[in-house]
Amino acid sequence: MKIGQVDLKDIPTKIDGKFWGYIEVDDTWEAALSEIEDKVHFGVSKGKKNNAAYQILKNYCNEKFHTLLIEWGYIKDKENEDKKIRNELKQIAEDIQDLFDKLGFEDLGKGPQKSAFDVRWQDIKYPQYGTERVTNGDTVSFTMRIKSTYLVTKKFQYKLFIKDMLTGKTLYVLDKDEANIKSNDIFKKSFSHVISNSNSTHCAENRIVLIVKIPGSGKEIVKELPYFFDIDKPDNSRNGVVLTLHECIFPNATSRRVNFGEIIKNVCYRIENKRNEILSYRLNVSIHNASDPTCPKIIDLSSETGTINPFGEIITPYLQNIVFDQSLYEQYLSKGILELRARLIANNDDSDYEKGDKITFYHFKIFLNSDEKHGKNDAFDVNSVVAPGDYRRSWFTAGSNRTITLNIGHTAYLNSKDYPDIQHEYMKEQMLKQYVLLYLAEGKYDMFGNKDDEFTNLEPQEAADKVIEKIERVYSKSLA
């Protein structure tokens with residue numbers, strides 16, 4: 001006998017109103033339901049649907065119904081679907097990297113890469129030492145410095161402008177020009193920015209932004225100087241010191257593997273002091289056994305002190321070659337993961353730190369007598385996001401943590417959801433395109449059929465044609 005209807009949720013449009021089913025209850029449950037039934041004995045009174053007997057029954061039916069919808073293929077289980085996408089992206093990434101290897105393309109390499117040019121601020125002067133607060137009529141002066149380490153003369157473009165940090169809007173252009181810089185030469189130019197309501201946003205954070213790039217190469221470096229127009233700086237100064245591994249050369253340029261007796265050379269760090277006061281620091285570097293959960297120290301490598309000017313940065317001197325002597329390391333492990341650890345410590349008191357405070361750190365994994373976790377296919381990581389509001393179908397992040405991200409919330413992806421083979425090809429094409437663009441972003445111009453100096457001297461349209469042609473050629477090879 002039918003005594004009522006259970007409210008179900010998330011019914012797919014395809015089957016809404018086109019199915020039926022029933023559930024039987026025992027005498028005890030039927031008695032409990034009879035106490036909350038409506039006047040015509042054909043359902044539960046609206047005011048009594050919060051009763052435990054009905055809610056438990058409804059939740060049970062919804063769980064069973066949801067399980068059946070997944071089993072029948074009407075809806076997708078999110079956890080399983082996410083895992084499936086991750087596995088599929090990983091497999092596509094491996095296939096693409098194998099393809100690039102077979103085509104003979106230069107490996108992007110792993111770990112930190114030394115930049116072919118360097119951009120820095122120098123001689124920075126705010127109206128008052130120790131604060132970036134300014135008022136109308138104050139002057140912030142500084143010098144920009146560009147050093148090229150290319151083997152040939154390069155043309156650099158630079159733009160210097162004021163940005164409103166809240167809106168991202170460009171408020172005023174200080175300078176925009178080009179400079180031809182010879183190998184290992186330094187280009188400098190000094191500026192004085194006078195604060196006014198016409199070039200800055202009042203009662204807000206503004207920034208002096210410098211963008212330096214090589215035309216047609218995709219390479220650019222961005223530097224910023226903040227100032228606070230008649231407001232105090234937020235108390236986030238402890239985020240103002242950055243430590244990164246600047247250079248580190250392994251025996252094999254495509255892997256972080258080292259064997260007993262091999263060496264790592266040219267290890268150095270970049271320290272950026274993004275504060276308006278001198279940083280006095282101590283940098284300690286050591287190697288730890290990361291295969292042990294407690295990560296015990298194996299050896300201290302170096303300890304050095306120094307100072308960095310306000311909003312300045314330095315590249316530390318090279319450490320001595322790191323030799324992986326078997327007699328030393330075999331006491332701890334014969335193969336496994338090591339960690340190169342750098343710790344930055346305050347060497348004197350200032351407004352943010354007391355002497356001895358830990359400022360920041362940088363940890364970097366090394367694989368002793370063992371291959372990296374992903375082996376050869378480790379040029380980039382893969383990621384997926386649901387971002388329907390983003391017009392991009394995919395994008396990349398360059399640098400030491402290379403990532404290719406696929407937007408699975410984009411309409412182009414969703415349009416192929418009912419056709420798994422087509423969707424797989426779509427994902428492969430997007431990832432392949434971003435992998436080619438990673439080569440462009442990191443200055444690997446040989447893959448585009450030109451030497452460095454030739455490609456960077458192409459007109460923008462010619463350079464774009466070369467990149468598009470390469471994407472199409474490589475994609476056609478992937479279909480063979």
Side-chain angles (χ1 to χ4, degrees), residues 111-115 118-124 126 129-132 223-226 233-250 256 258 263-324 328-329 332 337-366 368 399-401:
Q113 301 292 317
K114 191 173 182 179
S115 177
D118 186 58
V119 179
R120 300 189 191 184
W121 299 118
Q122 288 186 336
D123 307 321
I124 302 164
Y126 284 85
Y129 180 79
T131 178
E132 295 96 69
K223 296 289 181 181
E224 298 184 356
L225 284 177
K233 177 182 177 180
D235 186 18
N236 59 359
S237 56
R238 283 181 174 262
N239 298 321
V241 179
V242 179
L243 173 69
T244 53
L245 184 59
H246 178 65
E247 189 177 3
C248 180
I249 299 178
F250 281 82
R256 280 185 276 165
V258 292
I263 65 172
I264 293 176
K265 59 184 179 178
N266 288 15
V267 174
C268 62
Y269 293 85
R270 178 189 293 270
I271 308 173
E272 298 177 75
N273 178 24
K274 300 183 176 183
R275 312 175 311 151
N276 189 20
E277 61 181 306
I278 293 174
L279 174 70
S280 178
Y281 71 89
R282 175 180 294 277
L283 178 66
N284 295 328
V285 183
S286 55
I287 288 184
H288 295 244
N289 179 6
S291 292
D292 186 318
T294 63
C295 221
K297 184 194 298 182
I298 295 177
I299 186 173
D300 286 311
L301 296 177
S302 73
S303 181
E304 65 173 63
T305 61
T307 59
I308 307 176
N309 290 328
F311 290 97
E313 60 185 78
I314 66 160
I315 305 299
T316 63
Y318 288 137
L319 274 65
Q320 290 186 350
N321 288 344
I322 303 173
V323 182
F324 292 88
L328 170 62
Y329 287 90
Y332 299 89
I337 303 174
L338 302 173
E339 212 162 60
L340 180 65
R341 292 191 168 190
R343 299 169 304 286
L344 200 63
I345 298 166
N347 205 38
N348 277 319
D349 295 349
D350 61 29
S351 62
D352 295 319
Y353 305 102
E354 294 183 0
K355 184 175 181 178
D357 279 355
K358 183 174 75 173
I359 299 173
T360 187
F361 63 90
Y362 190 95
H363 295 172
F364 185 69
K365 284 184 169 52
I366 298 168
L368 180 65
S400 58
N401 296 313

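Every value quoted in this text rests on a predicted model; they were computed, and no experiment measured them. Positions are given from 1 along the sequence.
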Which heavy atom of Asp350 sits nearest a heavy atom of Arg275, and at what distance? OD2-NH2, 3.0 Å
Glu272 with Lys223: basic N within carboxylate O range, under 4.0 Å: yes
Look only at the side chain of Asp300 and the backbone of Ser286, and say whether a donor-acceptor pair between them is shorter than 3.5 Å. no
Give the intermediate values and the outcome of side chain to side chain contact (heavy atoms under 4.5 Å, CB included) for residues Ile271 and Val242. CA-CA 6 Å; Ile271 308 173; Val242 179; over 6 Å; no
I'd like to know whether Leu340 forms a side chain to side chain contact (heavy atoms under 4.5 Å, CB included) with Leu301, so could you lay out the CA-CA distance, the side-chain angles of the two residues, the decisive distance to 0.1 Å, and finally the verdict. CA-CA 9 Å; Leu340 180 65; Leu301 296 177; 3.6 Å; yes
Is there a side-chain contact between Tyr129 and Pro310 (heavy atoms, below 4.5 Å)? yes
Residues, nucleotides or ligands: over 12 heavy atoms within 6.0 Å of Gln320 CD: no
Could you pull out the closest heavy-atom pair between Ile298 and Tyr332, with the gap in Å? CG2-CE1, 3.6 Å
Tell me whether the rings of Tyr362 and Tyr269 are parallel (<30°), tilted (30 to 60°) or perpendicular (>60°). perpendicular
About how many Å separate CG of Asn289 and CD of Glu339, when rounded to the nearest 0.5 Å? 10.0 Å
Closest approach of Pro226 to Tyr126 (non-hydrogen atoms, all atoms of both residues): O-OH, 2.6 Å
Quick check against the 3.5 Å criterion: does His246 have a side-chain atom that pairs as donor or acceptor with the backbone of Arg270? no
Cut-off 3.5 Å, side chains only: do Glu277 and Ser351 have a donor facing an acceptor? yes
Are Val267 and Val285 close enough that some pair of their side-chain heavy atoms sits under 4.5 Å apart? no
So does Gly312 get a backbone contact from the side chain of Asn273, meaning a donor-acceptor N/O pair under 3.5 Å? no
So Asn309 and Ile124, side chain to side chain contact (heavy atoms under 4.5 Å, CB included) or not? Walk me through it. CA-CA 9 Å; Asn309 290 328; Ile124 302 164; over 6 Å; no
Exercise: identify the closest heavy-atom pair between Arg343 and Arg341: NH1-O, 3.8 Å
Are Tyr318 and Ile249 packed together at the side-chain level, in the sense that at least one heavy-atom pair is separated by less than 4.5 angstrom? no
Does the Thr316 side chain pair with the main chain of Cys268, one donor and one acceptor, at a distance under 3.5 Å? no
Side chains of Ile345 and Tyr353, heavy atoms from C-beta outward: is any pair under 4.5 Å? no
Do Asn266 and Cys248 come close enough that some side-chain heavy atom pair is under 4.5 Å? no
What is the minimum heavy-atom distance between Trp121 and Glu224, and which atoms define it? NE1-O, 3.5 Å
What one should report as the nearest heavy-atom pair of Glu304 and Pro317 is OE2-CD, 3.5 Å
Within the distance-only criterion (no hydrogens, no angle test), does the side chain of Arg256 pair as donor or acceptor with the backbone N or O of Lys365 below 3.5 angstrom? yes
Arg120 side chain to Glu313 main-chain N or O, any donor-acceptor pair under 3.5 Å? yes
Ile308, Thr305, Val241 screened by side-chain contact (heavy atoms from CB on, under 4.5 Å) with Tyr281, the one that passes: Ile308
